[in-house]
Chemist: 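Here it is, the structure in full.
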Amino acid sequence: MPESPVPVHGYLDVMFSDRPQQVISIGELPFLIGRGKESGNHLVIDDLRISRKCAAISAGLDGICIEDRGQLNGIFVNGKPTHAGTLADGDRIRLGKDDGCQLVFRLKPEGHFRVEAVTKLRSILGSLGGDSADELKGLRLLLEATSLLQSQLPLESVLAAMLDHAIVITHADRGMLLEPDGSGVLQVRVGRGRDAKSLASETMNPSRSLLARAIELGSAVISEDLNLADRNLQTALSVVVQLLRSAVVIPLYGAQFGSADSTIAGGRHQLLGAVYLDSRRTATFSALDRQILDALGAQAASILHNARLLEHERERQRLEQELNIAREIQQALVPQGLQDFPHLAVTGIHRPCHEVGGDYFDVFPLSDGRIAIMISDVAGKGLGAALLTTMLQGALSGMTLGVEPVKVFDHLNRFLCERAAVGRFATMFFGVLDPDGTLEFVRASHPSPLLLRRGEVSELCTGGSFPIGLVEQASYKAARIQLEPGDTLLLYTDGVTEAEDRDRNLFGVARLKEALGRYDGASLAELQGAILGAVEGFAGGASQSDDITLLVVRYQRPAGSQPPMS
């Protein structure tokens, strides 16, 4: 079942070896830690050493717990490797084996907040210079309302109890809590009467004029006698027909609970809803009544905010589950543990920028003894790119049946162009290597593979070409090159050369050629690791915006075979 957000009073000291220290508040649990916002992380650490799903701080049976959710090389609490464990105030958390980033967990005692709350309530009463029975009753109601936030009651019950408290304080005939629907119109979610019972649906008819005035002002509207209100409110049809004499409307905005992401375009705060109370009698509100109403409004805003967080968390977990399924399918399609062939050694790696990516590579034998190698990059990122990648893989699998690569490219191009609504295109390189070293290849605007031969690095092909799915009239041609024993080909996607450092400089083709040339004669695994290391070293922990994919192949002539006659 999805985890429900749980309020908590704690924070993390985030300490970097090469950056200023940060203090991050833990407002609720679960609290997710990792690289990139797209994974739903609350603490985002833009560092390639940090996994996208790194760790989570959550509520456990024994207190606040930390859980490893996939951090490379694990997490360590006070120097000890930990998969899941309880946290205490002052515990030091290391992410992975590197000391570049450490977290110190801080937790204030719960009693501190209780004392603070009681002190504030006493100061309110003292500032008003009295301790009458009515004032004490109002404070008691506020304390009871506050305790509702910590209860395990269903949300509707909590909201109903909050309205019951507000009705008692204001002596209203009825109270309602409204939330905006999909079009932004406020609709009644909970309605209560003076008898602490739910209102019948036909009686849930709040004054839209009063609601509109409160939203227009962006603050509470408290009218003790509507006959003394301005002319527009006095003559409003809803006020006249329902014989209303007093009303309270408290709009609930994100700013009331300080949410960093509660603002919308234009700098205004997002409207969460409104508390509405009215009566057919005039009313008298003391200064304390007004303060208590404000406090109840803040409590209601907090409840709605937490409810939305819970809905968002459930939706996030649902999407995460679907993305996990998509990622598992995509990872299953990407070759795992590439095997060597009699005349070809091969290795490759695919690192998606998001949960799923648009890069793909494959190596497979053909029926005539040749080996096919290919790499592609679908424009865009995420699930849409991954879906098109999967479709392309299915189409390319037909090449194993002897279909000519150029014809397949032409067919794929027409197929995508005829379905313009897909809005995607792909770059691709496809080659077929004969045992004698003859490489026949077709290129669709993909970066040219690099050829490492006797310590020299060159580009395999030059000139332009169209991506698949961009221009319907595009045609593709095959080219040939003769490989020599020991020649190494590096196939890559532009996520490698367009990797950025913290100053937005690109890694570039020149650095890639330099990194490749330094490892002539090294094993393919060493060469691949060195290139990835060069990219990561250049990026310096900066967050990347594109998938990184490498495919490294080395031609080795089988024993007894002869090179082709020139």
Side-chain angles (χ1 to χ4, degrees), residues 3 5-60 62-113 116 258-261 309 313 316 351 353 499-505 532-545:
E3 299 170 278
V6 177
V8 65
H9 301 290
Y11 59 92
L12 291 171
D13 288 327
V14 185
M15 297 181 294
F16 299 93
S17 60
D18 56 352
R19 285 177 253 174
Q21 180 176 334
Q22 300 178 21
V23 177
I24 305 296
S25 176
I26 305 174
E28 61 190 27
L29 302 178
F31 183 84
L32 306 181
I33 302 169
R35 177 164 54 90
K37 292 182 180 180
E38 65 279 353
S39 296
N41 294 311
H42 300 90
L43 171 56
V44 178
I45 305 176
D46 287 331
D47 192 312
L48 289 177
R49 295 168 292 187
I50 306 300
S51 300
R52 295 191 179 280
K53 292 182 181 179
C54 172
I57 296 176
S58 57
D62 299 323
I64 306 302
C65 301
I66 187 166
E67 173 191 358
D68 182 355
R69 290 200 172 181
Q71 170 58 28
L72 181 64
N73 297 321
I75 62 174
F76 298 78
V77 177
N78 299 325
K80 297 181 180 180
T82 304
H83 180 70
T86 305
L87 288 175
D89 182 46
D91 279 351
R92 302 180 73 87
I93 305 162
R94 191 174 81 234
L95 307 177
K97 295 182 178 179
D98 195 292
D99 291 330
C101 177
Q102 293 195 55
L103 315 176
V104 180
F105 177 68
R106 303 292 187 188
L107 184 63
K108 290 184 180 180
E110 186 177 349
H112 169 82
F113 295 96
E116 191 178 69
S259 173
D261 57 359
L309 285 177
E313 174 67 10
R316 186 193 66 78
R351 286 186 177 178
C353 174
E500 296 179 343
D501 64 9
R502 296 188 180 278
D503 297 323
R504 306 299 296 273
N505 298 309
L532 286 175
V535 174
E536 292 174 356
F538 170 81
S543 178
Q544 301 303 311
S545 59

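Predicted model only: the values in this text are computed from it and were never measured.
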Chemist: Testing the basics here: between Tyr11 and Val23, what is the closest heavy-atom pair and its distance to 0.1 Å?
Modeler: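 For Tyr11 versus Val23, the nearest heavy atoms are CD1-CG1, 3.7 Å.
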
Chemist: Less than 4.5 Å apart, any side-chain heavy atom of Leu72 and any of Leu95?
Modeler: no

Chemist: So, Asp501 side chain and Arg504 main chain: donor-acceptor pair closer than 3.5 Å or not?
Modeler: yes

Chemist: Between the side chain of Arg52 and the main-chain N/O of Cys54, is any donor-acceptor distance below 3.5 Å?
Modeler: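 Judged by distance alone, no pair lies under 3.5 Å.
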
Chemist: Please check if the side chain of Arg35 supplies one atom and the backbone of Ile50 the other of a donor-acceptor pair under 3.5 Å.
Modeler: yes

Chemist: Search all heavy atoms of Ile64 against all heavy atoms of Phe105 and return the closest pair with its distance.
Modeler: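 Of all heavy-atom pairs spanning Ile64 and Phe105, the closest is CG2-CZ, 3.8 Å.
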
Chemist: Could you check Arg94 against Val77 for side-chain contact (heavy atoms from CB on, under 4.5 Å), going step by step and ending with a plain yes or no?
Modeler: CA-CA 6 Å; Arg94 191 174 81 234; Val77 177; over 6 Å; no

Chemist: Using modelled atom types only, decide if a donor and an acceptor are shared between the side chain of Asn41 and the backbone of Leu43 within a distance under 3.5 Å.
Modeler: no

Chemist: Taking all heavy atoms of Gly90 and all of Val104, pick out the closest pair and write down the distance.
Modeler: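 Answer, listing the atom of Gly90 first, then Val104: O-CG1, 4.0 Å.
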
Chemist: Does Ile93 form a side-chain contact (heavy atoms from CB on, under 4.5 Å) with Leu87? I'd like the steps, not just the answer.
Modeler: CA-CA 9 Å; Ile93 305 162; Leu87 288 175; 4.1 Å; yes

Chemist: Ignoring hydrogens and angles, tell me if any N or O in the side chain of Gln71 forms a donor-acceptor pair with the backbone of Ser51 under 3.5 Å.
Modeler: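 Indeed, once roles are kept as given, a pair shorter than 3.5 Å links the two residues.
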
Chemist: Is the shortest distance from a Lys or Arg side-chain nitrogen in Asp13 or Arg106 to a carboxylate oxygen in the other one below 4.0 Å?
Modeler: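 Yes, charged N to carboxylate O under 4.0 Å.
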
Chemist: Using only atom types and a distance under 3.5 Å, with no angle test, would you say the side chain of His42 pairs donor to acceptor with the backbone of Leu32?
Modeler: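 Side chain of His42 to backbone of Leu32: a pair is present.
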
Chemist: Would you say the side chain of Leu12 lies within less than 4.5 Å of the side chain of Ile33, judging by non-hydrogen atoms?
Modeler: yes

Chemist: Given Ile66, which partner from the list Ile75, Thr86, Asp91 fulfils the side-chain contact (heavy atoms from CB on, under 4.5 Å) test?
Modeler: Ile75

Chemist: State, yes or no, whether a side-chain contact exists between Arg92 and Met15 at a heavy-atom distance under 4.5 Å.
Modeler: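 Yes, side chains in contact.
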
Chemist: Please name all residues satisfying side chain to side chain donor-acceptor pair (under 3.5 Å) with Asn73, sequence neighbours left out, ordered by chain then number.
Modeler: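 Result, side chain to side chain donor-acceptor pair (under 3.5 Å) vs Asn73: none returned.
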
Chemist: Which atom pair, heavy atoms only, marks the closest approach of Asp46 to Gly36?
Modeler: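 For Asp46 and Gly36, the tightest heavy-atom pair comes out as OD1-N, 4.1 Å.
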
